[in-house]
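Order of the sequence lines fixes the chain letters, A, B, ..., with proteins taken first and strands second; residue numbering starts at 1 for each chain. It should be emphasised that the depicted structure is a prediction, and the values quoted were computed from it without experimental measurement.
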There are 2 protein chains.
Amino acid sequence: MLKLSKKVEYGLIAMRHIASVNNQISTVKEISERYSIPSDVLAKVMQKLTRGKLILSHQGAMGGYTLARGAHDISVMDVIGVVEGTQVGIAQCFAETPENCSIYSNCTIKHPLGKIQHNLEQVFASMKVSEIV
Amino acid sequence: MLKLSKKVEYGLIAMRHIASVNNQISTVKEISERYSIPSDVLAKVMQKLTRGKLILSHQGAMGGYTLARGAHDISVMDVIGVVEGTQVGIAQCFAETPENCSIYSNCTIKHPLGKIQHNLEQVFASMKVSEIV
DNA sequence: ATGAAATAGGACCCCATTAGTCGTATTTAA
DNA sequence: TTAAATACGACTAATGGGGTCCTATTTCAT
Ligand code: SF4
Ligand code: SF4
């Protein structure tokens with residue numbers, strides 16, 4: 001519970017790696033071997049990051065990935081959002097639409113949890129890739 | 001991802017409820033009906049909270065539950081810890097033992113994530129049941 | 001004493017999500 | 001033309017979350 005998914009972790013490790021080599025082009029093979037990450041899984045994470053415009057893909061031989069923006073301009077929140085495809089939500093009513101929770105109208109803790117939610121967002125949004133290099 | 005479990009939510013709703021009626025004895029039936037929570041599920045959550053010494057059980061007819069301490073002295077963190085049985089850990093290496101992560105020695109993000117972890121703990125520990133009444 | 005109301009707790013099951021694998025197509029530098 | 005790389009969908013396996021059911025035990029009230 002409350003755990004980041006491996007995909008997000010892999011994404012962060014990869015982003016950090018690219019930043020750490022001064023945004024030189026890096027391949028999935030390189031990264032997956034360096035950090036012992038299953039290459040197929042990492043490959044798909046990279047593709048999501050590409051579609052999410054956080055990194056740029058360079059296809060073909062000698063290809064790979066580079067960051068799409070400065071590391072100081074990419075937050076952990078960005079990575080989570082793109083990799084996970086969904087919003088960070090500490091409870092169902094924050095992550096999805098409120099109606100999805102059958103208890104919503106009777107729920108007495110949604111407002112207090114909203115504060116925690118807000119705090120969380122702050123924390124994730126304020127930590128940039130550049131800070132984890 | 002990053003969602004609180006329903007059990008934790010149910011626990012919080014129940015604790016808040018008891019606090020809101022000035023710690024008068026409250027039953028599972030009462031609470032489950034009031035908030036539309038499946039009673040069997042709530043029952044087991046209450047049993048965990050009892051074993052975790054956050055509430056007191058009163059068995060037999062006319063029985064029920066009361067808080068074991070003042071609402072100002074019970075944090076959301078306490079509830080999570082007791083209901084979930086495990087520590088809040090934003091990553092495997094925080095929730096369990098580090099060795100459980102096959103990547104641990106190569107992982108470059110565990111320290112930055114540690115900061116987030118710490119922040120999270122602060123947030124959960126500082127919010128008390130008394131604040132959500 | 002007896003019955004009703006309550007907690008205690010184990011055994012299951014269902015389902016959604018996560019993690020990972022495999023196969024194949026496409027792009028492009030050398 | 002070939003090799004190195006990304007793109008991407010289909011599939012499987014494992015895990016955990018959420019819920020149901022059943023039975024035992026405790027204790028108040030009659
Ligand atoms: S409404 Fe209450 S119970 Fe439903 S998801 Fe939001 S917080 Fe959780
Ligand atoms: S070591 Fe790195 S990858 Fe493994 S759990 Fe901790 S943070 Fe996640």
Side-chain angles (χ1 to χ4, degrees), chain A residues 1-11 13-14 18 24-33 36-52 54-66 68 80 83-86 88-92 95-96 100-103, chain B residues 1-11 13-14 18 24-33 36-52 54-66 68 80 83-86 89 91-92 95-96 100-103:
Chain A
M1 196 207 54
L2 279 175
K3 258 204 315 247
L4 253 36
S5 71
K6 285 292 183 193
K7 287 180 188 174
V8 167
E9 293 191 322
Y10 295 160
I13 290 173
I18 299 174
Q24 278 172 26
I25 202 165
S26 307
T27 70
V28 164
K29 185 160 184 287
E30 203 176 303
I31 299 175
S32 71
E33 285 176 355
S36 305
I37 298 173
S39 61
D40 285 329
V41 177
L42 179 60
K44 284 219 278 279
V45 170
M46 299 306 268
Q47 286 158 25
K48 279 192 177 177
L49 289 171
T50 303
R51 284 194 293 266
L54 295 186
I55 60 181
L56 300 176
S57 83
H58 305 273
Q59 294 195 346
M62 300 308 289
Y65 298 95
T66 52
I80 294 176
V83 172
E84 218 53 47
T86 165
V88 180
I90 205 180
Q92 199 181 17
E96 316 163 23
N100 282 4
C101 179
S102 59
I103 288 185
Chain B
M1 197 208 51
L2 279 175
K3 257 202 317 245
L4 253 37
S5 71
K6 285 293 182 191
K7 287 179 187 173
V8 167
E9 293 191 322
Y10 295 160
I13 290 173
I18 300 175
Q24 277 173 25
I25 201 166
S26 307
T27 71
V28 165
K29 187 161 183 289
E30 203 176 304
I31 300 175
S32 70
E33 285 176 354
S36 304
I37 299 173
S39 61
D40 284 330
V41 177
L42 179 60
K44 285 220 277 280
V45 170
M46 298 306 269
Q47 286 158 24
K48 279 193 177 176
L49 289 171
T50 302
R51 285 195 293 266
L54 295 186
I55 60 181
L56 300 175
S57 84
H58 305 274
Q59 293 195 345
M62 302 308 288
Y65 298 95
T66 53
I80 294 176
V83 171
E84 218 54 43
T86 165
Q92 199 180 17
E96 315 164 23
N100 281 4
C101 179
S102 59
I103 288 184

Minimum side-chain heavy-atom gap A/Val41-A/Lys6 below 4.5 Å: no
Side-chain heavy-atom pair B/Tyr10, A/Ile103 within 4.5 angstrom cut-off: yes
A/Glu9 CD - C/dT18 C1' separation (whole Å): 13 Å
Closest heavy-atom pair and its distance - A/Ala95, A/Thr86: O-OG1, 4.3 Å
Short side-chain to backbone donor-acceptor contact, B/Ser26 and B/Gln24, under 3.5 Å: yes
Between D/dG19 (C1') and B/Ile37 (CD1): distance, integer Å: 13 Å
Side-chain N or O of A/Tyr10 closer than 4.0 Å to phosphate OP1/OP2 of C/dA19: no
Interatomic distance where CD belongs to A/Glu33 and C1' belongs to D/dA4 [whole Å]: 13 Å
Audit row: A/Lys48, A/Lys44, side chain to side chain contact (heavy atoms under 4.5 Å, CB included) steps and yes/no: CA-CA 6 Å; A/Lys48 279 192 177 177; A/Lys44 284 219 278 279; over 6 Å; no
Working for side chain to side chain contact (heavy atoms under 4.5 Å, CB included), residues B/Leu2 and A/Glu84: CA-CA 11 Å; B/Leu2 279 175; A/Glu84 218 53 47; over 6 Å; no
Nearest-Å distance for atom pair CD1/P, residues A/Ile25 and D/dA4: 16 Å
Side-chain ion pair, A/Lys3 and A/Glu9, N-O less than 4.0 Å: no
All N/O pairs under 3.5 Å across the protein-nucleotides 11-17 of chain D interface:
none

Whole angstrom value for the distance that separates C1' of D/dA5 from CD1 of A/Ile31: 13 Å
For atom CG of A/Leu56 and atom C1' of D/dT6, their distance in whole Å: 13 Å
Reading 5' to 3' through nucleotides 2-10 of chain C, protein heavy-atom contacts under 4.0 Å coded B for base, S for sugar-phosphate only, - for none: ---BSSBBB
Stepwise side chain to side chain contact (heavy atoms under 4.5 Å, CB included) check, B/Met46 with B/Ile31: CA-CA 11 Å; B/Met46 298 306 269; B/Ile31 300 175; 4.2 Å; yes
